[in-house]
Amino acid sequence: MCGRYASSVRDAEVVDLLDVDEVVGEELPPSWNVAPTDDVRVVLERPQRDDDGVGAAAAPARQLRTARWGLVPSWSKDLSTGARMINARSETLTERSAFRVAAARRRCLVPADGYYEWQAVPGQRRKTPWFLRDGDGALLTFAGVYELWRDRSRDDDDPGRWVWSVAVVTTAAHDALGEIHDRTPLVVPPGARADWLSTTTTELEEVRELVASLPEPHLVPHVVGPEVGDVRQDGPHLVEPRARDDGEQDSVAGTGGPA
DNA sequence: CCAGACGTTGTT
DNA sequence: GTCTGG
DNA sequence: CCAGACGTTGTT
DNA sequence: GTCTGG
């Protein structure tokens with residue numbers, strides 16, 4: 001699944017790699033310990049306002065902006081609903097009332113260096129944290145769906161009355177990846193990013209096909225230190241490979257996964 | 001009809 | 001808002 | 001996801 | 001055990 005990840009990539013690089021047209025809001029500090037309810041940067045496409053209502057609609061603007069991790073449905077009474085909606089299963093994405101509309105009309109990409117998994121080892125008290133990233137160290141983009149929630153406790157002219165929030169789509173993990181965990185974020189490869197963001201793909205059936213068409217990512221896992229469990233800890237040291245007690249490095253290249 | 005949920009993961 | 005359960 | 005709290009009354 | 005906060 002995806003309950004913690006790292007995103008240290010700067011806005012400028014996201015703009016460059018993902019062909020962003022418009023940067024909205026302030027850049028966030030890099031984080032190697034992004035946790036639920038944290039603000040994160042996301043990339044999405046918004047249809048351009050057609051001011052005179054006459055001409056053909058302009059191409060959608062691809063934006064980089066901030067959203068809170070944990071999707072807050074529009075009908076929520078308060079923000080706390082979002083804390084339970086950090087992930088959306090790809091298998092039921094187009095069915096669940098909390099995600100269905102967002103799946104059709106509000107898909108986004110979540111840029112990440114990689115993500116963490118905690119592996120339960122039989123007989124071991126503490127779970128083992130792993131960090132998984134692209135084999136070439138390339139930027140990952142998780143499939144996301146976002147929502148806008150109106151905070152009724154704020155004035156109409158308060159810019160903070162609209163809260164943008166996001167859920168990371170998850171899918172089944174197979175093979176080596178599945179040995180660490182049976183769920184994994186849905187990773188959108190470079191060639192599928194435009195389709196995932198497309199504002200003209202609004203039919204649920206199309207979205208289902210799109211999800212099904214995404215290939216399994218080739219990720220490389222390695223064991224990291226336990227410090228990442230504490231959300232107050234941060235820094236690049238969190239993703240550093242941690243040697244095992246026997247000195248052997250607990251990392252498998254290429255196919256990935258523990259022995 | 002109204003009331004209440006609306007989500008995922010992991011663990012046993 | 002919309003679906004499910006009663 | 002993990003870590004940490006989990007409660008009320010009455011008060012210096 | 002279960003919920004909340006981050």
Side-chain angles (χ1 to χ4, degrees), chain A residues 1-7 28-40 66-106 110 112-133 140 142-152 162-163 165-174 177-187 202 204 211 219 221 223-235 238-239 242:
Chain A
M1 65 82 55
C2 186
R4 214 73 76 77
Y5 69 97
S7 190
L28 298 176
S31 175
W32 291 267
N33 201 353
V34 181
T37 71
D38 282 354
D39 277 345
V40 300
T66 296
R68 175 189 164 101
W69 186 16
L71 186 140
V72 183
S74 57
W75 39 258
S76 297
K77 290 185 185 67
D78 56 74
L79 274 178
S80 65
T81 318
R84 294 194 307 277
M85 312 249 184
I86 65 170
N87 294 141
R89 290 176 65 91
S90 62
E91 297 91 337
T92 52
L93 182 67
T94 57
E95 297 162 21
R96 294 280 181 262
S97 58
F99 301 128
R100 195 177 162 157
V101 180
R105 311 200 74 97
R106 288 185 290 278
V110 182
D113 309 343
Y115 63 98
Y116 300 95
E117 294 281 19
W118 278 262
Q119 181 182 36
V121 181
Q124 237 174 54
R125 208 177 117 259
R126 285 183 78 120
K127 292 182 184 177
T128 303
W130 293 75
F131 185 66
L132 301 96
R133 61 185 158 194
L140 297 180
F142 301 146
V145 291
Y146 68 94
E147 191 55 86
L148 284 94
W149 177 75
R150 179 163 177 174
D151 187 346
R152 288 167 208 281
W162 286 107
V163 177
S165 60
V166 60
V168 172
V169 181
T170 64
T171 190
H174 297 113
L177 215 52
E179 291 183 38
I180 298 177
H181 235 57
D182 61 350
R183 304 295 298 174
T184 177
L186 186 61
V187 174
T202 57
L204 291 173
V211 167
L219 300 174
V223 170
V224 294
E227 305 83 25
V228 67
D230 185 344
V231 294
R232 293 166 299 192
Q233 298 238 26
D234 200 1
L238 296 180
V239 302
R242 149 90 35 124

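Here is the naming used below: chain letters follow the sequence lines, and residue numbers restart at 1 for every chain.
One can place CG of A:Asn33 at 11 Å from P of D:dA3, the figure rounded to the nearest angstrom. Rounded to an integer number of Å, the gap from CZ of A:Arg106 to P of C:dG1 is 13 Å. Atom CZ in A:Phe99 sits about 6 Å away from atom P in B:dG7, given to the nearest Å. Separating the CD atom of A:Gln119 from the P atom of D:dC2 is a distance of 12 Å, rounded to the nearest angstrom. The interatomic distance linking A:Arg105 (CZ) with C:dG1 (P) rounds to 17 Å, in whole Å. One can place CG of A:Leu71 at 11 Å from P of B:dT8, the figure rounded to the nearest angstrom. Distance A:Glu117 CD to B:dT8 C1': 13 Å, rounded to the nearest Å. Note: CG (A:Leu238) to P (D:dC1) measures 18 Å, nearest angstrom.
In this structure, E:dC3 and D:dG4 make a Watson-Crick or G-U wobble pair, each of the two defining distances being under 3.5 angstrom.
Proximity of A:Asp113 to A:Trp32: side-chain heavy atoms (C-beta onward) are separated by under 4.5 Å at one or more points.
Contact between the side-chain N/O atoms of A:Thr92 and the OP1/OP2 oxygens of B:dT8 is found at a separation under 4.0 Å. Taking only side-chain nitrogens and oxygens, A:Arg96 comes nearer than 4.0 Å to OP1 or OP2 of B:dT8. The shortest distance between the side-chain N/O atoms of A:Lys127 and the OP1/OP2 oxygens of D:dC2 is below 4.0 Å.
Residue A:Ala167 is classed as having no contact, given no heavy-atom separation below 4.0 Å to the nucleic acid. Within the 4.0 angstrom heavy-atom criterion, no nucleotide atom of any strand lies near A:Thr81. Note on A:Tyr5: nothing from the nucleic acid sits closer than 4.0 angstrom, heavy atoms only.
When all heavy atoms of A:Lys127 and A:Pro129 are compared, the pair lying nearest together is O-CD, 3.4 Å. Considering all non-hydrogen atoms of both residues, A:Ser7 and A:Val34 come closest at N-CG2, 4.2 Å. Among all heavy-atom pairs drawn from A:Val168 and A:Cys2, the shortest one is CG1-CB, 4.3 Å. Listed here is the closest heavy atom pair of A:Val187 and A:Phe142: CG2-CD2, 4.2 Å.
Look at the P atom in both D:dC2 and B:dT12: the space between them is 13 Å, to the nearest Å. Here, B:dA5 and E:dT4 have their P atoms 13 Å apart, quoted to the whole Å. As rounded to the nearest Å, E:dG6 and B:dG7 have P atoms that lie 25 Å from one another. Rounded to whole Å, the P atom of D:dC1 lies 12 Å from the corresponding atom of B:dT8.
For the side chain to side chain contact (heavy atoms under 4.5 Å, CB included) test, residues two or more places apart in sequence or in another chain that qualify with A:Arg89 are A:Glu91, A:Thr92, A:Thr170, A:Arg183.
Of the listed nucleotides (B:dT9, D:dA3, B:dG7), D:dA3 has the atom at the smallest distance from the side chain of A:Arg126. The side chain of A:Arg183 lies closest to B:dT9, out of B:dT9, D:dC2, B:dT8.
The aromatic rings of A:Phe131 and A:Tyr116 sit tilted, their planes meeting at an angle between 30° and 60°.
At least one donor-acceptor pair under 3.5 Å links the side chain of A:Asn33 to the backbone N or O of A:Asp230.
Here A:Trp75 packs flat against the base of B:dC6; its ring centre is closer than 5.5 angstrom to the base's six-membered ring, tilted by less than 30 degrees.
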Give me the distances for all protein-to-nucleotides 3-6 of chain E N/O pairs that come in under 3.5 Å?
{"from": "E:dG6", "atom 1": "N7", "to": "A:Pro36", "atom 2": "O", "distance (Å)": "3.4"}
{"from": "E:dG6", "atom 1": "N7", "to": "A:Thr37", "atom 2": "OG1", "distance (Å)": "3.3"}
{"from": "E:dG6", "atom 1": "N2", "to": "A:Arg4", "atom 2": "NH2", "distance (Å)": "3.3"}

